[in-house]
Protein chains: 4
Amino acid sequence: MAKDFQASKPIYVQIADHLSYQIVRGELKTGEKLPSVREMAILSGVNPNTIQRTYSEMERMGIVETKRGQGTFVTENEHVLKELKIRLQNDIIAVFVQNMKDLGFSQEDMIKGLQQYLRREEM
Amino acid sequence: MAKDFQASKPIYVQIADHLSYQIVRGELKTGEKLPSVREMAILSGVNPNTIQRTYSEMERMGIVETKRGQGTFVTENEHVLKELKIRLQNDIIAVFVQNMKDLGFSQEDMIKGLQQYLRREEM
Amino acid sequence: MAKDFQASKPIYVQIADHLSYQIVRGELKTGEKLPSVREMAILSGVNPNTIQRTYSEMERMGIVETKRGQGTFVTENEHVLKELKIRLQNDIIAVFVQNMKDLGFSQEDMIKGLQQYLRREEM
Amino acid sequence: MAKDFQASKPIYVQIADHLSYQIVRGELKTGEKLPSVREMAILSGVNPNTIQRTYSEMERMGIVETKRGQGTFVTENEHVLKELKIRLQNDIIAVFVQNMKDLGFSQEDMIKGLQQYLRREEM
DNA sequence: GTGGTCTAGACCACA
DNA sequence: GTGGTCTAGACCACG
């Protein structure tokens, strides 16, 4: 037990997630060009191949579209973006629920705890 | 070089968190003896100094008590444990709320999303 | 015009197609273990990374399943294999029809030509 | 090294096939002059010797006729062109039948599959 | 052993 | 310039 320090997701997934967040939040707008593979590699401090894989995965998921010789662009398919948002939301909730469960909280506790937290924050 | 995505928390904090979780969940019971610094270091694959720091921090927070020549024990102060649970819960909720905010969800959305998720999971 | 000599598909796709054929023809049976990435790399005379990609793609398509530390296996999902056969068949027919069209044959000609060919071959 | 998958046919044969297709489809008309060896070499990005060989082969098959000092022309012998078309058609069908066989389809399956495909395409 | 990830550096096709 | 593919060699986690 307890040997999984740094058991982080693959870098190419981390970057994909990061970009997905930016897209969902509108920081990267629909149709907008992403940094080129090489640029992004420098920005992220990783090898271009890793970014290549990130972009490939995102294309496979329909989040971006690549045009040879032109670049990689955020899809304009709103449906895909909506699904993406739902997926990301689900992941967040799943982590939350798991953690709360681990702490021994019931479902009711979770909702109450969240409501209290939000009420406090509002003030 | 250049592989430090998601700059994880210091190892000694990670271990402290991990132990705190175990305590709150009752896997480590109140009054129970923790593994010695050396044992824990081997279990965690970490330098004993790191564990020393973990235990010091936890003692500072009142979560554990060390008795010279005997070892480190989970506190029997129920109030502290209760506070600990609340603090961990708070951290989880804070992360959740931040992530949901980043995705552009309102407070109302968060609660509704959570409720839906729990309802789905129940089935 | 006419500059696309050797415009062959990527090697990793060629190998995937080759394996798919073997699977559909039953030379690689359902549940059977494929050669390891390294073995296959030597057999094919390519870099292990290329085979890795081949296997990844095939897993993504559900044709094979990989078990960490054990190997890569032909799926036992008959439905997927059926779909695969249909897809491969479709590809073959599409090429055939395109070529025949290029030669100026009508749809009727294609069928008649095929029937004649088969009749001749039977004898 | 080791990149010769799908050992493609010799280039001079590829070019001959390509020209034959154009002739059969009427893009190169009977009696029409083909590009000179040097022109064709540049167009194809190939050594003139290779084109020379292409033209020689095609002459041997009676598909073209070369006139010293004038150039190379598509034959006006309709019979040869007819045979050429039949030969090309045969090659296409042979490949198709072989591939379908490899996939485990019977002769009946082939015809049915083709008919279905054409019917689908019509829509 | 297995597959999975990553790097470094190369060449290609497209525009 | 762009993305796409491939190689060579390395390290990791899993069993």
Side-chain angles (χ1 to χ4, degrees), chain A residues 1-17 19 31-60 63-75, chain B residues 1-6 8 44-45, chain C residues 1-17 19 31-60 63-75, chain D residues 1-6 8 44-45:
Chain A
M1 101 186 56
K3 197 183 284 197
D4 47 356
F5 298 126
Q6 238 118 230
S8 48
K9 287 180 283 188
I11 295 178
Y12 76 90
V13 173
Q14 290 181 37
I15 298 176
D17 284 350
L19 290 173
E32 190 173 340
K33 184 180 174 299
L34 299 179
S36 80
V37 169
R38 287 162 185 78
E39 277 171 9
M40 195 63 186
I42 294 169
L43 283 173
S44 307
V46 300
N47 188 283
N49 277 334
T50 303
I51 303 298
Q52 180 65 262
R53 188 155 184 194
T54 297
Y55 284 5
S56 296
E57 279 300 302
M58 292 180 78
E59 174 157 43
R60 204 177 51 72
I63 302 172
V64 301
E65 289 165 14
T66 89
K67 297 174 191 166
R68 282 262 226 159
Q70 304 197 77
T72 302
F73 302 82
V74 179
T75 184
Chain B
M1 101 188 53
K3 200 182 284 200
D4 47 357
F5 272 91
Q6 219 145 235
S8 44
S44 307
Chain C
M1 103 188 51
K3 195 184 285 196
D4 47 355
F5 297 125
Q6 238 120 229
S8 47
K9 287 180 283 188
I11 296 179
Y12 76 90
V13 174
Q14 291 180 36
I15 298 176
D17 284 351
L19 290 173
E32 190 173 341
K33 185 179 174 300
L34 298 180
S36 82
V37 169
R38 287 163 185 77
E39 278 171 9
M40 195 63 187
I42 293 169
L43 283 173
S44 307
V46 301
N47 187 285
N49 277 332
T50 304
I51 303 297
Q52 180 66 261
R53 188 155 184 193
T54 297
Y55 284 5
S56 296
E57 279 300 303
M58 292 179 79
E59 175 157 43
R60 205 177 52 70
I63 302 172
V64 301
E65 289 165 14
T66 89
K67 297 175 192 167
R68 282 262 222 158
Q70 305 198 81
T72 303
F73 302 81
V74 178
T75 184
Chain D
M1 99 187 54
K3 199 180 286 197
D4 46 357
F5 273 90
Q6 219 145 233
S8 44
S44 308

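In what follows, every chain begins at residue 1, and chains take the letters A, B, ... in the order their sequences are listed.
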Task: Point-to-point distance, once rounded to the nearest 0.5 Å, from OH of C:Tyr55 to OH of C:Tyr12 - done: 16.0 Å
TODO: Could you pull out the closest heavy-atom pair between C:Gln70 and C:Lys33, with the gap in Å?
DONE: O-CE, 3.3 Å
TODO: Could you state the atom-to-atom distance from CD1 of A:Ile51 to C1' of E:dG9 in whole Å?
DONE: 17 Å
Open item on the list: Is it the case that the base of F:dG3 and the side chain of A:Arg38 share a donor-acceptor contact (distance under 3.5 Å, atom types as modelled)?
Closed with: yes
Task: Along DNA chain E (nearest heavy atom to each residue), the more 5'-positioned of A:Asn47 and A:Gly69 - done: A:Asn47
TODO: Please state how far atom CE in A:Met40 lies from atom P in E:dC6, giving the value in whole angstrom units.
DONE: 14 Å
Open item on the list: What I'd like to find out is whether the side chain of A:Val46 reaches to under 4.5 Å of the side chain of A:Ile15, using heavy atoms alone.
Closed with: yes
Open item on the list: If a pair means Watson-Crick or G-U wobble with both distances below 3.5 Å, what does DNA chain F look like in dot-bracket form, with | marking bases paired to a different strand?
Closed with: ||||||||||||||.
TODO: Could you check how far CD1 of A:Ile42 sits from P of E:dT7, rounded to whole Å?
DONE: 13 Å
- [ ] Report yes if a side-chain nitrogen or oxygen of C:Thr66 is closer than 4.0 Å to either non-bridging phosphate oxygen (OP1 or OP2) of E:dG4; otherwise report no.
- [x] yes
Task: Options F:dG3, E:dG3, F:dT5, nucleotide nearest the side-chain atoms of C:Tyr12 - done: F:dT5
Task: Rounded distance (Å) that lies between atom C1' of F:dT2 and atom OH of A:Tyr55 - done: 12 Å
Open item on the list: Expressed as a whole number of angstroms, how long is the span from C:Ile11:CD1 to F:dC6:C1'?
Closed with: 7 Å
Open item on the list: So, does A:Ser36 get its side chain near the phosphate of F:dG1, meaning an N or O under 4.0 Å from OP1 or OP2?
Closed with: no
Task: From C:Ile42 atom CD1 to C:Ser36 atom OG, the distance as rounded to the nearest 0.5 Å - done: 7.5 Å
Open item on the list: For a quick test of reading the model: is some side-chain N or O of A:Arg53 closer than 4.0 Å to OP1 or OP2 of E:dT5?
Closed with: yes
Task: Nearest-nucleotide pick for A:Glu59, side chain only, options being F:dT2, F:dG4, F:dG3 - done: F:dG4
Open item on the list: As an exercise, state the distance from CG of A:Leu34 to CE of A:Met40, rounded to the nearest 0.5 Å.
Closed with: 7.5 Å
- [ ] Would you tell me if any nitrogen or oxygen in the side chain of C:Gln52 comes within less than 4.0 Å of OP1 or OP2 on E:dG3?
- [x] no
Task: Rounded distance (nearest 0.5 Å) linking atom CD of A:Gln14 with atom CD1 of A:Ile11 - done: 6.5 Å
Task: Side-chain N,O (A:Thr72) to OP1/OP2 (F:dG3) below 4.0 Å - done: yes
Open item on the list: Side-chain N or O of C:Gln70 versus OP1/OP2 of F:dG15: is the shortest distance under 4.0 Å?
Closed with: no
- [ ] Provide, to the nearest angstrom, the distance between the CG atom belonging to A:Asn49 and the C1' atom belonging to F:dC6.
- [x] 9 Å
Task: C:Ser56 side, atom OG; C:Ile51 side, atom CD1 - distance, nearest 0.5 Å - done: 11.0 Å
TODO: Quickly work out the C:Lys9 NZ to F:dG4 C1' distance and round it to whole Å.
DONE: 16 Å
- [ ] Measure the distance from CZ on C:Arg68 to P on F:dA13 and round it to the nearest whole Å.
- [x] 9 Å
TODO: Report the distance from atom CZ of A:Phe73 to atom CD of A:Glu32, rounding to the nearest 0.5 Å.
DONE: 10.0 Å
